[in-house]
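Taking it in order: structure first as C-alpha cells, then the write-up.
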Amino acid sequence: MPSIDYLAILPALVLLGASVLTLMLSALLRHSLSARVATSLSVLAGLVVLATSVAQWVDVARHGASSTIDHAVVLDGFSVVATGVIGVSLVMASLIAHDWLVRGPVSASHFYTLSLAASAGALVMVQANDLVVIFLGLEILSIGLYVLAALDRHRSASAEAALKYFLLGGFASAIFIYGAALVYGATGTTNLSAIGYFLAGNVLLAPGLLVAGGALLLVGFAFKVAAVPFHLWSPDVYEGAPTPVTGFMASVVKVGAFAALLRVLVSALSSQLTTWRPIIWVLVALSTLVGASMALVQRNVKRMLAYSSINHAGFILLGVWAGTVRGSAGALFYLMTYAPVVLASFGVLALVGGARDDSHDIDRFRGLARRQPVLGAALAVLLLSQLGVPLTTGFYAKYGVLLAAVDAGGGPIALIALIGAAIAAYFYLRWVLALYAEEPIETDRVSVGRASGLAIALGVVATLLFGLWPGPLAALAQHATLLFHP
Amino acid sequence: MIGVDPVYSHGLGLAVWLIILIRLVVAFAVLLNAVILMIWFERKAISDMQSRIGPQRWGPFGLLQTIADGIKLIFKEDLMPAEADRLVFRLAPFLALIPGFITFAIVPVGGTLTIAGHPVRLQVADPPMGILLMLAMSGISVYGVMLAGWASGSKYPLISSVRASAQMISYEAALGLSIVMIVLVTGSLSTHDIVASQAHGIWNWNVIRLGVVPFVIFLIAITAELNRPPFDVVEAESELVGGFHTEYSSFRFAIFYLAEFMNTITMSAIIVTLFFGGPAGWVPNVAHLRWVFPILWFLAKTTAFAFAYIWFRAALPRFRYDQVMDLGWKRLIPLSLGWLLVVAGFLISVSWGFGMAALALFAWTLLTRAFELGSGRERGAEAVLPVIGPRPLAPEALRELTDEDEEA
Amino acid sequence: MHSSLWLSLLLILPLLGAALAGLVRARANASYRVGVAVASLETVLALVVAVLYRSNVPGAGTFDFMGRWVLAAPFGLAYDVALDGISLLMVVLTALVVLVALFGARDTRREGAFVAWLLLLTSFTMGSFLAHDLLEFFIFFELTLVPAYFIVSQWGAAQRARAALKFFVFTFTGSAFLFVGLLYLGLAHQHQTGGALTFSYSALQSTAMSSSTATWLFVAFAIAFAVKSPIWPLHTWSPLAYAEAPTAGSIELSALLAKLGSYGLLRFAVGLLPLAQVHVRPVMLTLAVIGIVYGSALATTTPDLKRLVAYSSLAQMGFITLGVMTGSKIAMVGAVLLMFNHGVITAGFFLIIGFMERRRGVGVSIRDLSGWQGPAPVLAGLFTVVMMASIGLPGLSGFVSEYLILIGAFATHAWWAVVGALGVVLAALYLLWAYQRVFHGRTSEPIEDATTSERWALVPIVALIVVLGVFPRPVLDRISPSVQQVIEHVAPAGVSK
Amino acid sequence: MNVPAAWYLVLAAVLFGIGAFGLLTRRSALIMFMCLELMLNAVNLTFVSFSRTLSDVAGQVSVFFVMVVAAAEVTVGLGIVVAIFRRRRTTSVDELSEMKG
Amino acid sequence: MIGVSYSIGAVLVFVTAALLILVGAVGVLAVRNPVHAAMSLIMTLFGVAVAFVAQSADFLAAVQVIVYAGAIVVLFLFVIMFLGVDRREGVRVEPLVGQRALAGLGVGLTVAGLIVLLARSHWVSGAMSVSTNGAPLATGSGNVAQLGTAVFTTYLYAFEATAALLVIAVVGAIVLARRERALDEEAA
C-alpha cells in the first residue's frame, strides 16, 4: 500500500462524505430532507473545504509541494488555491440554488448529492497528477453535471440540454482518454511528473505519437472549457440547464478543467511548449473573438452568458498559452476572481428568471435597476466586472493573463484578446443599459431570497473589494504557482 | 486463453491434439445425453410430486420419450411470424444454446488421468480466467431470450424480453459478488484451483468455509439467471402466454428447450464446482479405479442439484415481477456486499472480521429502514421503473412499450 | 516635497461627495447642494495645491506632492501620485469645469444619481491627471468611461444609447492598444533591471529600447490617446457623443475627457518614448493638421450647434497635437495652455448651448434660430466673449495658446504650421457665421435672457478667458519648467531645440 | 511471432474514427451512444497494444478504468434518454428543436 | 518490417479481430434498426476481446465481455425495447447541408493524420513505467496479480475515485428515471 497523506485528499473526502450523508439522510429520514438543512450541509461542506485548503496552504508553505498515494495526487500551492476556489464556489452555488430548490420541482437532497459529488470530481481533477486520475475526476464532475442539467422537469429543455451535454461531453472524454493513451504510448507512463521527467531526459526523434496525443488531450480540454471551435454545446446547455446548475458549470467546471489543463501542460508537457502553443493560440483567438461576437446577437441572457464565458475561457487560455509562472498565476487569478462573479451573475438570473426559471429574455431586465436599484446595481457591477472595468476584479483578471502573454512574447494575441473584450463590451453594456432603461416592462417584482441575496452580495463585495485592492489575491496566486509541483 | 493445462507441458504433439479433440467430443456427447436424461428426469420427478405417472410409453420408464418428442418437433412445420425480424429470429435459439456448453467446458468433472504419458485433466479447458468465463457466458446467455422475444415482433414476447434483460442485470451483480468471495479464499480464478482448494475434507468446501450465505445467494441468483422457477417471470404462462418463445415452433423451439435444460445441468455443475468441492469426496483405495470415484462424486452432486431445481419448480409458486426485482436489488446485492466485507475481514484477522460484521449489520439496519421508508413513499409516487409484472398489462403500459402508430 | 495627502484628498473628496449625493437623493435639491458644495471645496483645494506647488523639488524635478504605495506587487500595481506643472493645470481645470458643470448645467431628472456620477467622473479624472504611474493612469483612464457612459446613456438625448455605446466601445478598443503597449514597456523595464515589476513614470523613463520598438509602442499609445482626444481619423464617435450627451456630459467629455487624450500623449507617449519621435513626428503632425482643417471644414457645414462645437473641438485638438508633437518648447507650452483654455472655452460653449436648449426644450439647430440678440442680449454677449476666445482674438485666452503653438511650430515645422494656421481663419468663418444666424435677424419668440444663476455660472469662465488672455504669466511659469523637463528627456534623442 | 503492435494501433485508430464519424453524423441518440462506446473501445485497444509494446501493466489498468467510466456513462446517458422519452417519445436529436443552436 | 515473418496464427487472429471489429463498427453506423446496431456493437466488442487475448490481456478480455456484452449492451437493448423505439428509428434529415461530408472529412483527416503519426513515430519500447519497476508484463494468472498490484498501489487513488464515479452514476440514473406522479399529471 502506498503511503497516504490524508490532509491532501481531505477536501475531496469531505465533499464525498457530505454527498453520501445527504443521500443517506434523505433515505433514512421520514420526511424528505428540507432544502434549508440540505443547503446548510452543502454550505458547511464548502466552508470546511475552504478551511482545509487553508490548513493545506500552511502545510505547503512550510514543507513545500509534495505528492502522495504513489504520486497520483499532488499537494502544492496551485492545487490548494484551486481547492479553495472550488470551496467558495460551492458555497455560493449552494446559496444560489437554495431559493430555486425551495420553490422548484427538484428535491434538494438529489441536487446536493449530485452537486457535492461533482465538486469532489473537480477537486480530484485539481489535484490529479496522473492522466487516468484526471480522466476519472473529469467523469465524476461531468456525469454529475449531466444529471444536474436534466433535473428540472418543468422544462423539457432541461433534459434536452442534458442529452446534448452528455453526447458532446462523452465525445470530449473519449478524445481526451485517447490522447492519454497515445501519450502513454509515447512516454510509457500516465503519471504527469513521470512524463515530465521522461521528456526532460529523453529526446524523441520522431515525437509524432506525443504530438498527436498532446493535441487530442488539448481538444478534450477545449471541449470541456468550451473553447471555440469546440464550444457548440455550451449555449444550448447553458440555456437549457437550470440556472443554478449553469452557474455551477460556469464556475466549478472551469476551475477543475483549467487546473488540470495547466497541470498537464506545465507539469508534463512543458518541454513541448513549441508544439502546443500554436494550438492554444488559435483557441484563444477564436474563443475571444467568436465568443464575444456571438453573444452580440443573443436575446436570451443565459445564452449571452454562455458566449461570454466562452470569451472568458479564451482569456484564461491566454494565461495557459504563456506557459510561464506568470501565466499560470494569471490563469489562477482569473479563475479565483471569475468564479464568484459569474456565480453571483447567475444568482441574479435565477431570481429574475421567475418561478419556472424559463424567462430569460433580455427584455425582462428592462428597467430592473429602476424598480429595484440594489439588485440592478449589483447586476450592473457584476456585468462591468465581466467586462473588465477597473476597480473590479475582472480588470485585474484580464490584466494578469495579458501581462503573462505579453511577457511571453504574445503581444499580437494579447491584442486580439483585448479586441474580443472590446466587442464583448457591446453586449455587457447593452444589458446594463436595459437595466437602467426608463420604460420598464410590466413585470412582477423580483423577490430576492435571503440565501441568493447573500450569494449575490458576496460576489459583488468580492469583485469590488479585490478590485480596489487586488494585492492579497495576486500575491496568493503568485505564491501558489511558485509552489507548483514539478 | 489456453491457460496452464499440464497437457501442454510436452508441447503440442499429435497425441495432445487428439486428447483435446476427444475431450471436446466426449464432453459434448455427455452433455447432450445428460440433457435428454434431464428432461425425462424432470418430467418424471414432477409427475411423482404431483401424483401423476408421467412419461411411460417409450423405452423403459419412458426414457425415450424425450427423443420421441424431439423427432416430432423436428418434423413439425417451421413458422415464421409476419412481423418477425428474420435474421435475429433464426439466430436467437443458438445464442441461447452456446453459452451453456461453453460454460460446461470449464467444469472439472474429475481428477487428473495419465493417458499415453500425458497428464490429462478431466475438464475441457482450464483457462486462468476460468470463473470469469463462466460469468461472461452467463452474461451472454440472456441474449438468446431477449432477442428471441424481440425478434418475434409480438407483444408478449417483447415484454418477456424486457423482463429478461432487467432480471438479468439485476442478478448479475449478486452472482458476481458471491463468486468474488470464492476467489478471495481461493486466490485464483481457475476452476481447477478452486476445486483443488476444496479437496481435503468437507470442511474445506466453500459452502462451509464461506458460511452458507454465499451459496444461497449464488443459488438464488443463478436460478434467476436461468429463468427457472420460481423466477420464471420471463415465461410466465399465465401472464405472457409462453413468454419469449411464444412464436417459436418446431426445431427452433426444440433448441430453446435444449438450451434451458443444458443450462440447468451446467449451472448445477458450476454450483458443485464452486461450493461443493467438485469431484472431491471419499475415494476407496481401489487400484486402477481411483479415477472413477471423483467422477461419480461429481455426478452424484450434480444430480442432486438438478433434482433441487426440479423440486423448486414443483414446490415454489412463481414470484411476481416486482418481487423478483426487489429481491435482487434490495436483498441479495446488499447481503452479498455485506458478506463479502465479512469474508474479507476474516481473511485479514478475526478482529477485522467481527468489525466488518458489525459494520455490515449496521449498514443492513440502515438499509432496511431506507427500504421501508422508500416503499412507503412509493405509494404516493410510482416505483423507479414501472413494474413489468401483472399490472403492466394495463392498456396504457402496453401502448408505451409497443404501440407506435398512435403516437405517430 | 509636500505631502501626497493633498492629492489623495483631491481624489477622495469627490468620491465622498458622490456617496453623499447618492444617499441624500430623496430630498429635493439636497444632492444638488451637496454636489455644488463638494465641487466648490474641490476647486478651493485645487487652488490651494496650485499655490503650494513648487516647480523644483530636489530629486524629483518638477514633480511635487509625491507618494507611492504598492498595492499588488506581482502586478506592479501601485498607488502613485505626483503633480507637476502640466498636471497641475489639468487638476485646476478639472475642479473648475466640474463646478461650472454642476452649477450651471443642472439636470433635475434623478438628480442624486446624476450628481453622483459627475462627482465620480471628477474623481477618476483627477486620478488620471495625478497618476505618476503608467498603469495607474491607465486604470483611471479606463475608469472614466463608466461614469461618462452612464451620464450619456441615462441623461442624454434621443440617440443616447447608441452614442454612449459607440463612445465606450471606441475608447475601450483604443485603450486595448495602450494596454498591451504599457504591459510591454513595463515588462521590458523589469527585464532590464531584474527587479520588481513597476510602471512608475520615472522608472519607465529610463527604459532602454530600440528606435523601432519605441515607434511601435508609440503607435499603440497614440491610438488610445487619439481616440480619446479625438484626433482625426479616430474621432468618429465624438460628434455623436457630444451632441447626444446632456449639457454637463458634453462639458465633461469635451473639456476634460478629451484632455486626458492629449495629456496622455504628451506625458506618456512623448515623455516615455523619445526614440519614437523621429519616425512618428511627421505622421502625427500631418494627422494634427488634417484634424484642424477637417474639423473646421465640417464645422462650417453642420447645422447643429453642439456638433459645431464638437467639430471645432476636433480642430482645437489638432492644434494641441500639433503643439505637443513639434518638440519645440514654446509650442508645447502653448499646447498645455491650450488644453486648459480649450477646456474653459468649450465648457462655456456647451453651457450656453445648454441654456439655449433649456429655453427651446429641444436640440438647437442653427437653422431654426434667429434674432436671439434682441430678447437676450446678455446671453449673446457671453456667447460673443467665448466665441472670440475660441477664434483667437488677441487679448483673450485662446489667442495666447494658439499663438504660442503656431510660433513654435513655424520655427521647427513651418509647412505644417502654415496649413494649421488656416484653421484659425476657418474658425473665425464658421463661428461668426453661426453667431450671425443665431443672434442676428428677428424673432417673434419671447426668449428669456440669461438668469442670475446662469450668469454666475459663466462668470468664472469669462473671467478666466479674460485674465489668461491678458496675464498668462503665472500659469506659464508653472508649465514651463515641467515642459522643459520633458524636452530635456526627449531632446537627446535627436530633437532640435 | 506476434504481429506488430502498430497493426492493432492502426486498427484502433480506424475504429476511433468510425465511432467519431458516427457520433457526428447519426441523429439517433441511442446510436450516438453506441458510437461513443466504439470510441472508448478503440481507446482500450490502444492502451492494451501499448501495454504489450512497453511491457508495462499500466496500460491494462487504464483499460480497467475506462471500462468503469463507460459503464457509468451508459447508465446516466440511458437515464437521460428515458427521461426525455417520457416527455417527447423520441430519441432523435433533431427533434429536440426547442432550442436552436 | 518486411522480411520478418509472423506466425500464421497471429496474423489469422489479427485478421479475425479486425474483421469483427470493423464490420461491427460499420454495422453500428449503417444499420437502421437500433437492435441490429446493438448486435453489431456486440460483434465489435467481441472483436476487441479477441484482440485483447491476442495481446496477452486475457483478464481484460473476460472483463470486456462481462462488462460490455453482459451489462452495457444489455442495458442498451433494455432501453430500446422498453421505450419501443426499435422499428421506426431511421436516419433523419440532416439539419445542416453537408454536415455529414464535413464530419467525414474532418474525422477522416484526423484519423489519417493519426495513422501517419503512429506509423512514423517509434515509440519507446522498453521504457519501464514506475508501476512494474521494470518487470516484464506477465501473461495468464500472473497478469491478474500484476493488475491487482497496480490497482492497489499506483492506481489506488484512481481506484477509489471510481467509487465516487459509480455512486454518482447510480444516484444520477435513479434521479433521472424516477417518475413523479404530480409532475406527470401536470404535464398531461
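Note: hydrogens, waters and symmetry copies are ignored here, and every other heavy atom, side chains too, is used. Below, chains carry the letters A, B, ... as their sequence lines are ordered, and counting in each starts from 1.
- With chain E as the partner, the residue from Gly59(D), Gly22(D), Gly19(D), Ala12(D) showing the most heavy-atom pairs under 4.5 Å is Gly22(D).
- Ranking Val73(E), Ile168(E), Val48(E) against chain D, the residue ahead of the rest is Val48(E), based on heavy-atom pairs under 4.5 Å.
- When all heavy atoms of Gln60(D) and Ser56(E) are compared, the closest pair comes out as NE2-O, 3.6 Å.
- Using a 4.5 Å cut-off between heavy atoms, Leu41(E) contacts chain D through its side chain alone, with no backbone atom that close.
- Note on Ile21(E), Thr149(E), Val26(E): by heavy-atom pairs under 4.5 Å with chain D, the leading option is Ile21(E).
- For the pair Phe52(E) and Leu45(D), the minimum side-chain heavy-atom distance is below 4.5 Å.
- In terms of heavy-atom proximity, Leu12(E) sits nearest to Thr16(E) at O-OG1, 2.6 Å.
- With rounding to the nearest 0.5 Å, the separation of CZ in Phe16(D) from CD1 in Ile115(E) is 12.5 Å.
- Of the atoms belonging to Tyr68(E), it is side-chain heavy atoms, and not backbone ones, that fall under 4.5 Å from chain D.
- Heavy atoms closer than 4.5 Å to chain D are found in the side chain of Leu166(E), but not in its backbone.
- Heavy atoms of Thr44(E) lying under 4.5 Å from chain D belong exclusively to its side chain.
- Side-chain atoms of Thr25(D) come within 3.5 Å of backbone N or O of Phe21(D) as a donor-acceptor pair.
- For a residue to count as touching a neighbouring chain, one of its non-hydrogen atoms must lie under 4.5 Å from one of that chain's; by this rule Ala38(E) touches chain D with backbone and side chain alike.
- Residues Ala69(E) and Val74(E) come closest through the heavy atom pair O-CG2, 3.5 Å.
- When each of Ile18(D), Thr75(D), Asn41(D), Asn44(D) is checked for heavy-atom pairs under 4.5 Å with chain E, Asn41(D) comes out on top.
- Residues Val57(D) and Ala150(E) come closest through the heavy atom pair CG1-CB, 3.7 Å.
- Side-chain N or O atoms of Thr162(E) include one that pairs as donor or acceptor with a backbone N or O of Phe159(E) at under 3.5 Å.
- The greatest number of non-hydrogen atom pairs below 4.5 Å with chain D, out of Gly148(E), Ala54(E), Ala71(E), Gly106(E), is found for Ala54(E).
- In this structure, chain E has heavy atoms under 4.5 Å from both the backbone and the side chain of Tyr8(D).
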Could you go step by step and tell me if Ser49(D) and Gln55(E) meet the side-chain hydrogen bond (donor to acceptor under 3.5 Å, both in side chains) rule?
-> CA-CA 7 Å; Ser49(D) 304; Gln55(E) 313 220 48; 2.9 Å; yes

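- Most heavy-atom pairs under 4.5 Å with chain D, from the set Val67(E), Leu165(E), Leu60(E), Val28(E): that is Leu60(E).
- Using a 4.5 Å cut-off between heavy atoms, Ala42(D) does not touch chain E at all.
- Heavy-atom pairs under 4.5 Å with chain E were tallied for Leu38(D), Val76(D), Val74(D); the largest tally goes to Leu38(D).
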